[in-house]
Structures are given as C-alpha cells and as structure tokens.
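Notes follow the structure.
Residue numbers start from 1 in every chain, and the chains themselves are labelled A, B, ... in the order their sequence lines are given, proteins ahead of strands.
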Amino acid sequence: TQTVSQSDAHVTVFEGDSVELRCNYSYGGSIYLSWYIQHHGRGLQFLLKYYSGNPVVQGVNGFEAEFSKSDSSFHLRKASVHWSDSAVYFCAVSANTGKLTFGDGTVLTVKP
Amino acid sequence: GGIITQTPKFLIGQEGQKLTLKCQQNFNHDTMYWYRQDSGKGLRLIYYSITENDLQKGDLSEGYDASREKKSSFSLTVTSAQKNEMAVFLCASSARGQGAGDTQYFGPGTRLLVL
C-alpha cells in the first residue's frame with residue numbers, strides 16, 4: 001500500500017519569496033511521483049512528475065521538485081512566487097497501475 | 001488539446017435520492033476516473049475504467065455505481081444520497097489503459113449538496 005503525507009496544511013508567503021511544499025511517501029517498490037495544482041473552484045492541473053533519472057524535475061511556471069530516496073520525499077519548490085500561485089497543491093504517487101494516491105493537499109497563500 | 005466536461009456543475013439532492021453525474025472527454029483517452037473530494041482532504045478514487053464497458057472499483061466504491069457507456073463518457077451514480085452530504089466529484093482521464101505514471105487530466109467538478 002502506498003501512502004502520501006503532506007505535513008503542512010497551510011503555507012503563507014509574500015510575493016517574490018521562495019517556497020517549499022513538503023511531500024513524503026511510503027512504498028517499497030518503484031513509484032511515480034507527481035504534483036498537481038488546484039485553483040479555487042477548478043479541477044486539478046498537472047505540474048510535474050518523476051520516475052527515474054535526474055532527481056530534480058522541472059515543471060510549468062517555474063516549479064521544480066526534488067526526489068530523495070533516502071528521505072522518501074518529493075518536495076516542490078519555487079524560487080519566486082507570484083500571487084497567481086495561490087492554490088491548493090497535491091502530491092500524488094502511483095505504483096504499477098494507473099491509480100494515483102493523493103495527499104491531503106497544502107493550501108498556498110501568496111500575499112502581495 | 002482536449003477538454004473534460006462535467007454535468008451538472010452543481011447538484012442539490014434529497015436524502016435517499018439516486019443522483020447521476022456525467023463526464024465527457026475529447027482527448028480520446030482510454031482510462032477514465034471518478035474521485036470524491038471532501039473539504040480540506042485529498043482525492044479518493046471511487047471507480048475507474050480502462051476501456052469502454054470496463055469498471056474497476058476504487059477505495060470508495062460503496063454507495064456508488066458507475067457506467068462507461070462509450071470511450072468518451074463515464075457516468076457516476078450516487079445510489080442513495082446521505083443527508084447533509086457535501087462533496088466535489090472530479091472526473092479525470094489518462095491516455096493509456098494501464099501503466100503507472102500517466103498524467104491525469106481533470107474536469108472542473110460537480111458540487112453535490114444533499115438537503
């Protein structure tokens with residue numbers, strides 16, 4: 001069974017700040033890790049994913065995430081946030097099927 | 001590009017009522033999914049379908065039925081709505097029938113309120 005933990009329910013930063021949203025997972029085998037974003041009242045949109053190779057993956061809108069096998073983590077980062085980055089961010093894992101297991105999400109609020 | 005359409009956008013029902021939610025995709029994707037999202041929580045998989053007329057139960061299938069009438073459409077039925085139930089139901093699709101790592105594309109959701 002795969003599980004995903006997003007330890008921060010809410011993160012608040014100011015525009016131009018850097019931000020890191022944390023994701024930890026538990027699963028014994030090979031997995032895909034991904035991040036999705038949900039703006040208020042909308043469906044989820046794909047940001048980025050990792051399976052193998054370079055542990056730092058680049059996504060849309062300046063987001064990147066780093067995989068760490070030793071920490072069982074896949075944290076999402078952005079160097080300089082914009083007010084439009086305010087949204088809920090979901091980390092997800094999938095094993096050898098197409099089924100995704102989602103974390104509970106982190107609400108990112110970017111203040112002007 | 002493609003789009004996923006969910007109808008209705010808002011659904012208000014009565015306790016015990018059978019309610020049907022519909023989803024259409026024009027990506028020509030093989031696999032479609034129904035998720036339930038409760039406030040402040042992640043998504044939980046209700047049903048998924050890897051091809052027309054296929055159905056696979058997710059973690060939350062009790063109390064729901066689903067139907068994949070054709071490749072482009074996937075319906076979800078709440079068999080007996082629970083009083084004061086409030087949730088968002090999200091439909092998604094992905095390209096391949098099986099295999100990990102496929103990006104899922106989501107619809108805007110149907111917001112359910114049971115009085």
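The neighbour count for B/E62 CD, taken as heavy atoms of other residues, nucleotides or ligands under 6.0 Å away, does not exceed 12.
Side-chain rings of A/Y51 and A/Y32 approach one another, their centers coming within less than 6.0 Å.
Only the side chain of A/Y36 comes within contact range of chain B, with heavy atoms under 4.5 Å apart. Proximity to chain B is absent for every atom of A/Q6, based on heavy atoms less than 4.5 angstrom apart. For B/R111, the part lying near chain A is the side chain, with the backbone staying farther off; criterion is any non-hydrogen pair under 4.5 Å. Heavy atoms closer than 4.5 Å to chain A are found in the side chain of B/L90, but not in its backbone. Using a 4.5 Å cut-off between heavy atoms, B/Q6 does not touch chain A at all.
Applying ring-ring contact (aromatic ring centres under 6.0 Å, His included) to B/Y35 and the options B/F106, B/F89, B/Y47 leaves one that passes, B/F106.
A donor-acceptor pair is defined here as one N or O able to donate and one able to accept, closer than 3.5 Å; no such pair exists between the side chain of B/Q104 and the backbone of A/L44.
Residues B/D65 and B/K18 are not paired through a salt bridge, judged by the lack of any N-O separation under 4.0 Å between the basic side chain and the carboxylate.
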